[in-house]
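See structure below.
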Amino acid sequence: MEYFAKEYDVAVIGAGHAGIEAGLASARLGSKTIVFTINLDWIGNMPCNPSIGGTSKGHLVREIDALGGEMGKAADKNEIQSRMLNRGKGPAVHSLRAQIDRREYSKYMKHVLELQENLDVKQAEIVDLARGKDGLWRLKTRLEAIYSAKCVVLATGTFLGGRVYIGDVSYESGPDGMFPANELSKALYNMKIPLRRFKTGTPSRVNRRSVDFSVLEKQEGDETTTPFSFDTDTPPVNKAACYIAYTNDETKKVILDNIQYSPLYSGKIHGVGPRYCPSFEDKIMHFPDKKRHQLFVEPCGLDTEELYLQGMSSSLPEAVQLKFLRTIKGLEHVEVMRTAYAIEYDCVDPLALKPSLEFLDLDGLFGAGQFNGSSGYEEAAAQGLIAGINAARKAQGKEPFILDRASSYIGTLIDDLVTKGCSDPYRMMTSRSEYRLLLRQDNADMRLTPLGYEIGLVSEEKYQRLLKKQEMIKEERKRIEDTSIPLTDELQQMLVSRGTSPLPRGVKEVELLKRPQITYDDLTPFDVNRPDIPREIFEQVEIELKYEGYIVRQTAQINEMRRLEVKVIPPETDYNKIDGLRLEAREKLSEIRPMNVGQASRISGVSPADISVLLIYLAKEGK
């Protein structure tokens, strides 16, 4: 029996990493919000891998935190091992990655949602969605309750039309054996939302006691750890180790002898899989000359014996999976607790979305996370945060909050999705940002916390801490510019030992720090008046000095980009009436409907000549 349950400002469908951030952001901005999930015990689940961060993904987590999101805090509270990746390279690609206790993380996030003011959490499957004549969205649950909301965020992950594949076996399912969301998928098709099929996969989970660690490479966490959240005062403690194993010729032979049983190669799976996280059978088929492949044996938590085999996702039959795993040194007697699987699901073409993540043609409906065609917990959380912010602002009659490419990796991620689209699950990488020297993980707070404070997500206390940090950086920069380092034999010996030229005379400390080979640590014995301030202050000053020329150049590029970004294109522009635009440009511009000339210039199929024509048209029309 149908009944009307309650009215909200914002309703979020899904409580994965996107749904969590969307619900919290909306509620924290003062909108009455509800988050729906098929199972309350699976809030913030990690069905793929028990880790957060990684190359470029660590940047996203720190940006989420800088804006007032929750993922960084949750990761710090529940991590069991922490490592900063790419330390041997420049600071632009340093990225934090942490092993997480997946069940504790889920429990933490559930409790955060439960405690949040303005937020209700409901275990219910949404089976229908429609917009009424009054402009409100109506959501119907399987138990026939009707909810209404001014705005809705679709954060459905891989649940929409979910289907699992393991060899010849195929069945309807969400991730980790959950129910799929088939009825909602049908409702979205009926709304003419442009859905397509993507695919992802997850490796086996195995029992710790069946692994011989004595023959595996041990991978410890960092001696000095770095938290994700700028609010975390005490660095996390490493509590577990990871291990590395390698495949061999016998492993490869098992795959090749059984490749016909893979639904990826038998034609049963039609969804497009992630290019940068392929299944193990894809690795064997695409890289036939590679002698071995690396896999990481990682703990799923402190109170479980389950281990995750990163790099070994597969959809081969269970018997074949067991056979190829047991060819690996250290896994000869491995016992599988959860069999690897591939999952196919419905997601939207993100070209149907605005940079605010609202649909172009469906007022008040937003998309976030894997529903938008991305992959990864971090990408999902980043989109969920922005969708939640904009859903709340829409419900309150405010202008959308949009991050551009020069502000953040979050801005780059969303701009890529809504401007260029994606033909396979989108994964964030540092190479996707043309401004990555400025968009480092270490300065995310300085870039984004003022914006989070301005819109109301960042507290006064957090904002004041940032201002104090910026003042300390300024003072330390002035101090080293005024500090002279006298010439001594010890100083000369240190310089020569670091591979840089000796000095003819004493010099200001700032000049020594500009040398690529010299660090603050190297100068500790010679800098007798160094203040007792946080290490991150020295880090910021040193990066600014060493990369000053590059930073100036990149800042100039950003200014040029933003010159085009401020040239707004009226939404009612009819591109078919603009003389001089090529046919392809007219079609692409009409489909994507860019907000400004900068966004238009990044659309595939729109040439510099088309942009010139567009600029002339806008000037002529006085727009």
Side-chain angles (χ1 to χ4, degrees), residues 5-46 52 60-61 64-65 67-75 105-126 129 136-137 139 141 145 147-157 159 181 184 356-358 364-372 374 377-396 398 400-401 410 452 455-458:
K6 206 168 181 180
E7 181 176 330
Y8 289 89
D9 295 318
V10 176
V12 179
I13 304 176
H17 304 282
I20 287 169
E21 297 292 350
L24 289 174
S26 174
R28 288 168 177 171
L29 289 176
S31 289
K32 184 62 179 173
T33 305
I34 185 168
V35 173
F36 293 100
T37 176
I38 286 178
N39 191 324
L40 279 171
D41 296 324
W42 244 235
I43 288 173
N45 184 34
M46 297 183 173
I52 284 177
L60 289 173
V61 181
I64 291 165
D65 181 76
L67 283 167
E70 194 66 31
M71 179 176 261
K73 295 184 183 71
Y105 183 93
S106 176
K107 189 164 70 173
Y108 172 96
M109 281 301 202
K110 178 174 182 285
H111 201 205
V112 169
L113 291 177
E114 291 168 342
L115 292 172
Q116 179 60 52
E117 290 184 22
N118 293 324
L119 181 64
D120 291 337
V121 189
K122 178 73 175 178
Q123 179 168 299
E125 180 188 350
I126 302 299
L129 177 67
L136 295 178
W137 287 92
L139 304 89
T141 73
Y147 294 82
S148 68
K150 296 176 183 176
C151 295
V152 174
V153 178
L154 293 165
T156 51
F159 281 80
L184 179 58
S356 63
L357 295 182
E358 184 181 18
L365 186 64
F366 295 78
Q370 283 183 278
F371 174 76
N372 288 354
S374 64
Y377 310 145
E378 304 82 3
E379 290 90 339
Q383 294 170 69
L385 178 68
I386 300 303
I389 289 170
N390 284 320
R393 290 176 70 84
K394 177 91 175 183
Q396 296 164 5
K398 297 178 180 177
F401 175 73
I410 296 176
I455 63 173
L457 265 189
V458 168

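Just so it is clear, the model here is predicted, and its values are computed rather than measured.
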Check [Y] with [X], please: is the shortest side-chain N to carboxylate O separation under 4.0 Å?
| X | Y | result |
| --- | --- | --- |
| Glu21 | Arg28 | no |
| Asp120 | Lys6 | yes |
| Asp9 | Lys32 | no |

- So which heavy atom on Leu67 is nearest to which on Leu457, and how close?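 What the structure gives for the nearest pair is O-CB, 3.3 Å.
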Which heavy atom in Val10 sits nearest to a heavy atom in Ala395, and how many Å separate them?
->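 So the minimum-distance heavy-atom pair works out to CG2-CB, 4.4 Å.
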Output every pair passing ring-ring contact (aromatic ring centres under 6.0 Å, His included) with a member in residues 23-46, not counting sequence neighbours, ordered by first then second residue.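 For residues 23-46: Phe36-Tyr147.
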| query | Side chains of Thr141 and Glu125: do they bring a donor and an acceptor to under 3.5 Å? | reply |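 Their side chains do not contain a donor-acceptor pair, so the 3.5 Å distance test is not met.
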(Q) Hydrogens and angles aside, do Tyr108 and Glu70 bring a side-chain donor and acceptor to less than 3.5 Å of each other? (A)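 A pair is found: one side chain offers a donor N or O, the other an acceptor, under 3.5 Å apart.
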Treating [X] as the side-chain partner and [Y] as the backbone partner, does any N or O pair qualify as donor plus acceptor under 3.5 Å?
| X | Y | result |
| --- | --- | --- |
| Thr37 | Asn39 | yes |
| His17 | Met46 | no |
| Ser106 | Ile43 | yes |

- Could you pull out all residues at least two apart from Lys122 that satisfy salt bridge (Lys or Arg N to Asp or Glu O under 4.0 Å)?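 With neighbours one apart ignored, the set is empty.
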Once rounded to the nearest 0.5 Å, what's the spacing between atom CD1 of Ile389 and atom CD1 of Ile455?
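CD1 of Ile455 is found 4.0 Å from CD1 of Ile389.
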